[in-house]
A.B. asks: 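Pasting a structure below so you can have a look.
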Amino acid sequence: MKYLYSKILLLFIIISGFSQEIKKSADIKFVQLTDLHVSVGNENDFLLQNIVKEINNSTNEFVVVTGDLTNRGADDELNQVHSILSSLKIPYYVISGNHETNWSESAGLTYKKLWGDDRFVFSKGEYLFIGFPCGPYMKMGDGFVKYEDILWLDKTVKDSIKSGNKKVLNFAHYPLDNSVSNYKDVLSVLAKYPTVASFCGHGHTLKKYDFSGLSGIMGASITSRDGKTKSYNEVIISNDSISIYQKELAKAGVFKFSVPTKPSKIEIEKESEKDFPPFVKDIASVYSVPCFDKKNIYFANSIGEVQSMSLKSKTLNWKTETGNSIYFAPIIVKNNLVVGTIEGNILAFDKQSGKQKWNVPVGGVLVGSPIVKNDKIYTASSTAFICIDAVNGKIIWQNKLPLSYSQGIPLIQGDKIIFGAWDTNLYCLNINTGELIWKWNNGNDKQVLYSAGNVNVVSSKNRLYFVTPERFLTILDIETGKTLLRTSKWKVRESMGKSQDGKWFYAKTMNGELLRLPLNDKVELTEENLVSQSKVLDLKLGYEHNPAPILENNNKIYIGSRKGEVVIVDAEKFEIVKEIHLGSSSVNGFSIDDKGKVWTSLIEGGIYLLE
C-alpha cells in the first residue's frame with residue numbers, strides 16, 4: 001500500500017510539474033505600439049522616448065509596432081523613429097501605416113533602407129506572429145494589401161506551420177474590415193489556418209473587434225484623440241486567453257479585455273460578381289495606367305517590372321526588372337518606352353526587344369505622369385522639373401524648383417508648362433527654357449497635405465482650373481498666376497478633367513458627384529454665377545476620395561472610384577450610361593489605345609479594356 005501511495009504521489013508531482021511547465025511556456029508578454037505620429041521635436045517624439053525607456057525596464061519580451069510611425073512619412077521623421085526604437089533592449093518588429101505609404105517623400109525607399117522589407121514573421125511559443133502593410137500607396141485611397149503580400153502571407157504561414165502545431169497571430173495597420181478594400185482576400189487566406197486574432201491600429205482607440213468571426217484587437221495610439229491620455233498596449237498570452245492592458249506611463253497597466261486563444265472561425269460574405277474579367281491580371285499591384293502602340297500594351301508594377309504584351313494573343317513579349325515599385329506612368333515616344341523610377345532615374349527601353357537604351361539620373365523620386373510634345377518628355381521629380389530629348393536621353397533643361405514630388409500630368413498651354421507639387425506650390429515655367437514665370441500656393445505653406453501635388457490642372461485660353469485636397473476649386477489667371485476665384489462650395493478634392501471640345505470642366509466631389517462647369521473666359525467669376533451655370537450629377541458612389549483623372553472620349557465621361565467601380569456618363573445628356581464593377585481596389589485612371597478604345601487599371605493588378 002505504501003509503495004502504491006508513493007507511485008501515485010510521484011505521478012502527481014510529475015503531472016503537476018508538467019502542467020506548470022506548459023503554463024510557463026505558454027505565457028508570452030509583449031507590447032503593441034501603434035499610431036506614434038512622430039515629427040521631430042513634437043510631443044509624441046519625447047513621449048515615445050519615455051515609453052521606450054519604460055519598456056526597457058519591464059518584463060516584456062518584444063515589441064510589435066503596427067504603423068503610422070510618423071505624421072508625413074518624411075525622411076527626418078522616419079530617421080527619428082528609427083533612432084528611438086533602436087534603443088530598445090528587446091527585439092522589435094515593425095510595419096508601416098498609411099502615413100508612411102501615402103505621403104512618403106522617398107516613395108518608400110527610406111523606410112526600406114531603415115527597416116528592410118515591410119513585413120515580418122517570427123515564432124514564439126506555440127504562436128506564429130506575422131505582419132504586413134496595408135497601404136494606400138502614394139495616392140489617396142482605402143487600405144489595400146498588395147497581391148504579392150497576400151501571396152507571401154499564404155506561403156509563409158503554410159511553410160511555417162506545416163512542421164508544427166502553430167497558431168497564427170496577424171498584425172496590420174488597418175482593421176480587416178471595410179477599411180481595407182480587399183480585406184476578404186486577406187481573411188480568405190487566414191481562414192485556411194488556425195488564426196487566433198488580428199492586431200491593428202489606425203483608429204487610435206483600444207477596442208475589441210470581430211472581423212468576420214476573427215477576433216480583432218485595435219491598439220490605442222500613444223496619445224489619445226483628445227490628447228489627455230499617454231499610453232501603450234501590453235499583451236499577455238496565457239493558455240486560454242489573450243489579455244490586453246492599457247499602460248499609462250509610470251502607472252500599472254489596467255486590464256481592458258481579453259480574447260480566447262482558440263482559433264477563430266472565419267466566415268466571409270460572398271463577393272459580388274464582377275462585370276467582366278481583366279485583359280491582364282498581374283502577379284503584383286499596378287499603380288499607373290498602361291500605354292500602347294498598334295500591337296502591344298505596356299505597363300509597370302509594384303515589384304519594379306516593366307512588361308510588353310501582345311494585344312492580339314495576350315502573350316508576353318518581354319519583361320525587365322528595375323528593382324523597386326514603379327508609380328511613374330510609362331510613355332512611348334517613337335521606338336522608346338520611357339519609365340521613371342523611385343530612385344530618380346529615367347530609363348528608355350527599346351519597345352520591341354525591351355533592351356535598355358539609355359538611363360538618365362535626375363535625382364529625387366519619380367512618381368508622376370509625364371507629358372510629351374515634339375519628342376520631348378516633360379516631367380517632375382521631387383527635386384527638379386526636367387525636359388529630356390526622348391530619343392537620345394539628353395537633358396535639354398531642368399529647373400530645380402519643386403521641393404517635393406509631383407504626381408499629376410503637367411499641362412502645356414502655349415509657351416507655358418504648369419504642374420503642382422507636394423510642397424504647397426503650383427508652378428508655371430517657360431516651356432522652352434524652364435525659367436519660372438510664376439508660382440502659386442494657397443497661403444498655407446505649412447500644411448503640405450493641402451498641396452496640388454496629385455492633380456491634372458486644366459485650362460481655357462486665359463484661365464487655369466484645379467481642385468486640391470483642402471476641397472477648394474481654384475481659378476487662376478494663366479498669365480500671372482493671380483487668384484481669380486476660390487470656393488469650397490462643392491467639396492471637390494483631386495479628381496478632375498476637361499471635355500474633349502474644351503467647353504467644360506469636370507470634377508468629382510467627395511460625396512460621389514460629378515460637377516460640370518463652363519470653361520469660358522467670358523463667364524463672370526463669382527460663386528453665385530458659377531452655381532447658376534453648374535450641373536451636378538449623383539454618381540451613386542457615396543463617399544469618394546479617389547484622385548484618378550476624369551476622361552471624356554467619344555461623348556462619354558469616365559470616372560473611377562476608390563472601390564474598383566467605373567461610372568460612364570453620357571456627356572451630352574449628362575446622365576449615367578452604366579456603372580461597371582471591376583474589382584475592389586482604387587482605379588488608377590484611364591488611357592486610350594491607338595484604336596481609340598478606353599482602358600483602365602486597378603491597384604490590385606488588373607488591366608481592363610472598357611469599351
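All figures in this text were calculated on a predicted structure; none of them were measured in a lab.
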A.B. asks: Where does the angle between the aromatic ring planes of F62 and Y93 fall among parallel (under 30°), tilted (30 to 60°) and perpendicular (over 60°)?
C.D. replies: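 It falls in the perpendicular class, over 60°.
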
A.B. asks: Just say parallel, tilted or perpendicular for the rings of W103 and H99, cut-offs at 30° and 60°.
C.D. replies: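 Judged by the thresholds at 30° and 60°, the geometry between W103 and H99 is perpendicular.
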
A.B. asks: Which heavy atom of I303 sits nearest a heavy atom of A284, and at what distance?
C.D. replies: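 Residues I303 and A284, closest heavy atoms: CG1-CB, 3.9 Å.
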
A.B. asks: Identify the two heavy atoms, one from G304 and one from I326, that lie closest to each other, and give their separation to 0.1 Å.
C.D. replies: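 For G304 and I326, the tightest heavy-atom pair comes out as O-CD1, 3.9 Å.
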
A.B. asks: Does some side-chain heavy atom of E544 sit less than 4.5 Å from a side-chain heavy atom of S561?
C.D. replies: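 Heavy-atom side-chain distance check passes, below 4.5 Å.
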
A.B. asks: Going by atom types only, do Q447 and T424 share a side-chain donor-acceptor pair under 3.5 Å?
C.D. replies: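 Their side chains do not contain a donor-acceptor pair, so the 3.5 Å distance test is not met.
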
A.B. asks: Is it the case that over 12 heavy atoms from other parts of the model lie below 6.0 angstrom from the CD atom of E43?
C.D. replies: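 Counting other residues, nucleotides and ligands, CD of E43 stays at 12 neighbours or fewer.
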
A.B. asks: Tell me whether the NZ or CZ atom of K166 lies within the 45° cone about the ring axis of Y193 and under 6.0 Å from its centre.
C.D. replies: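 Judged by the rule, K166 and Y193 form no cation-pi pair.
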
A.B. asks: With sequence neighbours excluded, what pairs up with S188 under the side-chain contact (heavy atoms from CB on, under 4.5 Å) test?
C.D. replies: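 Expected list: I268.
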
A.B. asks: Within the structure provided, determine whether P330 and S288 are in side-chain contact (heavy-atom separation under 4.5 Å).
C.D. replies: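 The answer is yes, as the side chains (C-beta and beyond) meet within the 4.5 Å cut-off.
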
A.B. asks: Around atom NZ of K208, are there more than 12 heavy atoms of other residues, nucleotides or ligands at under 6.0 Å?
C.D. replies: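 Yes, enclosed.
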
A.B. asks: Roughly how far apart are I55 CD1 and N50 CG, rounded to 0.5 Å?
C.D. replies: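 The CG atom of N50 is 11.0 Å from CD1 of I55, to the nearest 0.5 Å.
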
A.B. asks: Tell me, please, which residues at least two apart from N56 pass side-chain contact (heavy atoms from CB on, under 4.5 Å).
C.D. replies: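 Scan of N56 (side-chain contact (heavy atoms from CB on, under 4.5 Å), adjacent residues dropped) gives V52, L88, K89.
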
A.B. asks: When you measure from the side chain of K247 to the backbone of K251, do you find a donor-acceptor pair of N or O atoms at a distance under 3.5 Å?
C.D. replies: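 Side chain of K247 to backbone of K251: a pair is present.
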
A.B. asks: Could you grab the distance from atom CG of L48 to atom CG of L33, nearest 0.5 Å is fine?
C.D. replies: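 Rounded to the nearest 0.5 Å, the CG-CG separation comes out at 6.5 Å.
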
A.B. asks: Assess, by modelled atom type and distance only, whether the side chains of Q307 and D282 contain a donor and an acceptor separated by less than 3.5 Å.
C.D. replies: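 Their side chains do contain a donor-acceptor pair, which is all the 3.5 Å distance test asks for.
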
A.B. asks: Strictly by modelled atom types, are S241 and S238 linked by a side-chain donor-acceptor pair under 3.5 Å?
C.D. replies: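 There is such a pair (donor and acceptor under 3.5 Å, judged by atom type) between the side chains of S241 and S238.
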
A.B. asks: Angle between ring planes, F120 versus F171, binned at 30° and 60°: parallel, tilted or perpendicular?
C.D. replies: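 Tilted.
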
A.B. asks: If we ignore hydrogens and angles and just use 3.5 Å, is the side chain of E148 paired with the main-chain N or O of S285 as donor and acceptor?
C.D. replies: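 A pair under 3.5 Å: yes.
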
A.B. asks: State plainly whether the residues E604 and K146 are in salt-bridge range, i.e. N to O under 4.0 Å.
C.D. replies: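 Salt bridge: no.
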
A.B. asks: I'd like to check D177 versus Y209 (side-chain heavy atoms, cut-off strictly below 4.5 Å). Are they in contact?
C.D. replies: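 D177 vs Y209: side chains touch.
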
A.B. asks: If you take all heavy atoms of A220 and T34, which pair is closest and at what distance?
C.D. replies: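 In terms of heavy atoms, the two residues are closest at O-CG2, 3.4 Å.
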
A.B. asks: Do the side-chain N and O atoms of D142 and H545 include a donor-acceptor pair separated by under 3.5 angstrom?
C.D. replies: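 Their side chains do contain a donor-acceptor pair, which is all the 3.5 Å distance test asks for.
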
A.B. asks: With the side chain counted from C-beta on, respond yes when I607 and F299 share a heavy-atom pair under 4.5 Å apart, and no when they do not.
C.D. replies: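 In contact.
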
A.B. asks: Show the numbers, then the answer: is there a side-chain hydrogen bond (donor to acceptor under 3.5 Å, both in side chains) between N60 and E234?
C.D. replies: CA-CA 8 Å; N60 288 290; E234 286 190 324; 3.0 Å; yes

A.B. asks: Just by distance, with hydrogens left out, do H173 and N98 show a side-chain donor and acceptor under 3.5 Å apart?
C.D. replies: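 A donor-acceptor contact under 3.5 Å links the two side chains.
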
A.B. asks: Counting N and O atoms only, with roles assigned by atom type, does the side chain of N42 sit under 3.5 Å from a partner on the main chain of S39, one being a donor and the other an acceptor?
C.D. replies: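 Answer holds: yes.
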
A.B. asks: Can you check whether T223 reaches L36 side chain to side chain, under 4.5 Å on heavy atoms?
C.D. replies: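 Answer no - side chains too far apart.
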
A.B. asks: State, with a plain yes or no, whether a side-chain heavy atom of M140 is found less than 4.5 Å away from one of N546.
C.D. replies: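 M140 vs N546: side chains apart.
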
A.B. asks: Tell me, yes or no, whether the heavy-atom count around Y147 atom OH, taken from other residues, nucleotides or ligands under 6.0 Å, exceeds 12.
C.D. replies: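 Incorrect, the count does not exceed 12.
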
A.B. asks: For the residue pair N71 / E77, report whether a side-chain donor-acceptor contact shorter than 3.5 Å exists.
C.D. replies: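 No - no donor-acceptor pair under 3.5 Å links their side chains.
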
A.B. asks: Report yes or no: does S264 contribute a side-chain atom to a donor-acceptor pair with the main-chain N or O of I266 at less than 3.5 Å?
C.D. replies: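 No; zero donor-acceptor contacts below 3.5 Å.
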
A.B. asks: Are more than 12 heavy atoms, taken from residues, nucleotides or ligands other than Y450, located less than 6.0 Å from that residue's OH atom?
C.D. replies: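 Check fails, neighbour count at 12 or below.
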
A.B. asks: With the side chain counted from C-beta on, respond yes when T101 and M138 share a heavy-atom pair under 4.5 Å apart, and no when they do not.
C.D. replies: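 They are not in contact (no side-chain heavy atoms under 4.5 Å apart), so the answer is no.
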
A.B. asks: Among residues at least two apart in sequence or on other chains, which ones pass side-chain contact (heavy atoms from CB on, under 4.5 Å) with I236?
C.D. replies: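 Result, side-chain contact (heavy atoms from CB on, under 4.5 Å) vs I236: K29, Y245.
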
A.B. asks: Show the numbers, then the answer: is there a side-chain contact (heavy atoms from CB on, under 4.5 Å) between Y232 and Q246?
C.D. replies: CA-CA 6 Å; Y232 54 98; Q246 187 167 14; over 6 Å; no

A.B. asks: With no hydrogens and no angle check, is any side-chain donor or acceptor of S381 less than 3.5 Å from a backbone partner on V365?
C.D. replies: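 Here the side-chain-to-backbone pair does not exist.
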
A.B. asks: Keeping the roles fixed (side chain from N182, backbone from V145), state whether a donor-acceptor pair exists under 3.5 Å.
C.D. replies: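 Such a contact is found between N182 side chain and V145 backbone.
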
A.B. asks: I need the K139 NZ to Q407 CD distance, nearest 0.5 Å.
C.D. replies: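 The NZ atom of K139 sits 7.5 Å away from the CD atom of Q407.
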
A.B. asks: Are F122 and I130 close enough that some pair of their side-chain heavy atoms sits under 4.5 Å apart?
C.D. replies: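 Side-chain contact under 4.5 Å: no.
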
